[in-house]
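A short worksheet on the structure shown next.
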Amino acid sequence: MEYFLNHLINGFCQGAVYALMAIGYSVVVGVVGMVTFTHGEVIMIGSFAAFYIFQMCGNNIFLGIVSSFFASWILGIIVYKVCYENFFTAPRHISLLCTIGFSMLVKNLAQIIFGPNQKPMLDVIEPRFFKIGTVQISQVQLLIMGTVVILAALLSFLFTRTKFGIKLKAVSQDKTASYMMGINVKRIAMLGNCLGCGLGGIAGLLSSIYYQMLQATMGGSMGMKAFSSSVLGGLTDVRFSALGGICIGIIENFGIMISSASFRDIFAFGFLIIVLIIKPTGFVTKHGVKV
């Protein structure tokens with residue numbers, strides 16, 4: 001039972017990281033209205049930004065979170081200008097192909113600039129453990145889950161209590177009607193894209209802290225986990241996308257419990273396929289639910 005509970009805690013922790021990636025992805029897709037394949041590289045850039053801040057300023061987790069957010073935010077501006085801004089009225093596959101090409105460009109540039117090898121991210125958080133009954137929880141796990149909960153709460157507040165958040169929701173639901181109501185649709189779409197990218201960057205930092213490493217090619221698997229989690233949530237529903245991320249994290253860890261870590265992705269994507277066969281819309285109960 002203790003073994004099971006520890007794997008469940010690990011699953012929740014990993015799932016929280018996937019959930020934050022998926023939330024960022026859903027915000028991007030919901031507001032911009034186009035599927036993206038740059039999210040993995042956005043996650044990777046956020047992780048490297050925090051890594052170099054830690055190198056220069058010491059292991060200040062707050063500075064790491066801020067730097068990863070803004071580095072990915074800036075990349076989000078570039079992605080929007082290159083891949084989306086001029087293609088709102090073009091066929092959808094044009095922007096999709098553009099994001100694929102941009103993703104490959106960023107990945108190869110990162111390998112040239114940062115090097116192809118793994119880099120250690122050790123002792124960012126003091127390795128302390130807490131016992132609750134027979135369950136052991138690390139300080140790193142508490143940090144990750146706490147950060148994701150706080151960010152999710154702030155995002156919920158943004159969407160429901162601020163003018164900017166209401167504009168984001170309006171643009172995600174109907175761009176034409178938003179334009180007719182006087183909303184600068186392109187500006188809000190760009191800011192929404194940047195917000196989603198920033199959340200992805202923080203998720204990249206948390207993932208690197210959890211696994212204690214980062215790499216220029218890490219975006220591939222992370223981007224697919226974010227995409228898979230969002231698909232389970234109907235691509236644009238933030239709540240169900242987060243639930244999809246948590247479910248994938250738990251399924252992965254239960255798969256590791258009965259087999260080995262090398263089969264992690266088999267269980268994650270197998271779960272995705274089974275859910276979509278049974279319910280093609282994923283966890284959402286109706287079409288058209290947006291950010």
Side-chain angles (χ1 to χ4, degrees), residues 8-9 11-36 39 42-43 69 72 76 141 144-175 178 188-189 191-204 206-207 222-253 268-269 271-276 278-291:
L8 183 62
I9 294 296
F12 267 113
C13 186
Q14 269 185 282
V17 176
Y18 295 158
L20 188 58
M21 293 178 187
I23 288 170
Y25 193 95
S26 294
V27 170
V28 171
V29 176
V31 175
V32 177
M34 301 176 188
V35 174
T36 177
H39 206 63
V42 165
I43 290 167
F69 180 84
S72 294
Q141 289 173 325
I144 290 171
M145 290 188 280
T147 301
V148 172
V149 168
I150 290 169
L151 288 173
L154 289 174
L155 196 65
S156 177
F157 178 82
L158 176 73
F159 285 144
T160 57
R161 303 289 182 180
T162 67
K163 271 190 175 182
F164 173 64
I166 293 168
K167 287 179 181 179
L168 279 176
K169 291 177 74 173
V171 170
S172 75
Q173 290 170 10
D174 193 322
K175 289 179 175 56
S178 299
I188 294 298
L191 292 175
N193 181 69
C194 293
L195 175 63
C197 289
L199 294 173
I202 296 174
L206 297 179
S207 175
M222 294 297 174
M224 285 307 298
K225 294 291 170 62
F227 178 68
S228 301
S229 302
S230 295
V231 166
L232 288 172
L235 278 179
T236 56
D237 192 299
V238 168
R239 297 160 301 168
F240 284 111
S241 295
L243 176 62
I246 291 169
C247 288
I248 286 178
I250 292 171
I251 292 294
E252 274 190 10
N253 274 271
F269 295 117
F271 172 72
L272 171 68
I273 291 167
I274 291 168
V275 170
L276 293 181
I278 296 170
K279 196 170 184 293
T281 58
F283 295 149
V284 292
T285 55
K286 61 180 179 180
H287 295 288
V289 178
K290 300 262 183 164
V291 174

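Below, all heavy atoms of this structure are taken into account, side chains as well, without hydrogens, waters or symmetry copies. Each residue takes its place number in the sequence, starting with 1.
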* Asked: CD1/I43 to CE/M21 distance, rounded to the nearest 0.5 angstrom?
  -> 4.5 Å

* To do: Return yes if some donor-acceptor pair links the side-chain N/O of H39 with the main-chain N/O of A226 below 3.5 Å, else return no.
  => no

* To do: Without swapping roles, check the side chain of S72 against the backbone of V42 for a donor-acceptor pair under 3.5 Å.
  => yes

* Does any non-hydrogen side-chain atom of L151 lie less than 4.5 Å from one of L155? -> no

* To do: Please check if the side chain of S229 supplies one atom and the backbone of A19 the other of a donor-acceptor pair under 3.5 Å.
  => no

* Asked: Can you find a heavy atom in the side chain of F271 that is under 4.5 Å from one in the side chain of I248?
  -> yes

* Mind checking whether F227 and V35 have side chains closer than 4.5 Å, heavy atoms only? -> yes

* **Atom of K175, atom of G30 and distance for their closest heavy-atom approach** => NZ-O, 4.3 Å

* Nearest 0.5 Å, what's the CD1-CZ distance between I202 and F69? -> 6.0 Å

* For the atom pair CG (L168) and CG (L158), what is the distance rounded to the nearest 0.5 Å? -> 6.5 Å

* Asked: Side-chain contact, heavy-atom cut-off 4.5 Å: L232 with L243?
  -> no

* Structure fact -> Rounded to the nearest 0.5 angstrom, the OG1-CG distance for T147 and L20 is 9.0 Å

* To do: To the nearest 0.5 angstrom, please state how far the CD1 atom of I166 sits from the OG1 atom of T160.
  => 8.0 Å

* To do: Answer yes or no: is there a side-chain heavy-atom contact under 4.5 Å between F269 and S228?
  => yes

* Quick check: does any side chain N or O of K279 sit under 3.5 Å from a backbone N or O of V284, one acting as donor and the other as acceptor? -> yes

* To do: Hey, could you give me the CG/CD1 distance between N253 and I9, rounded to the nearest 0.5 Å?
  => 10.5 Å

* Asked: Is any side-chain heavy atom of R239 closer than 4.5 Å to a side-chain heavy atom of F283?
  -> no

* For L235 against Y25, the heavy-atom pair lying closest together -> CD2-CE2, 4.0 Å

* Does a sphere of radius 6.0 Å around CZ in F12 hold more than 12 heavy atoms from other residues, nucleotides or ligands, not counting ones at 6.0 Å or beyond? -> no

* Would you list the pairs meeting side chain to side chain donor-acceptor pair (under 3.5 Å) in which at least one residue belongs to residues 241-250, sequence neighbours left out? => S26-S241

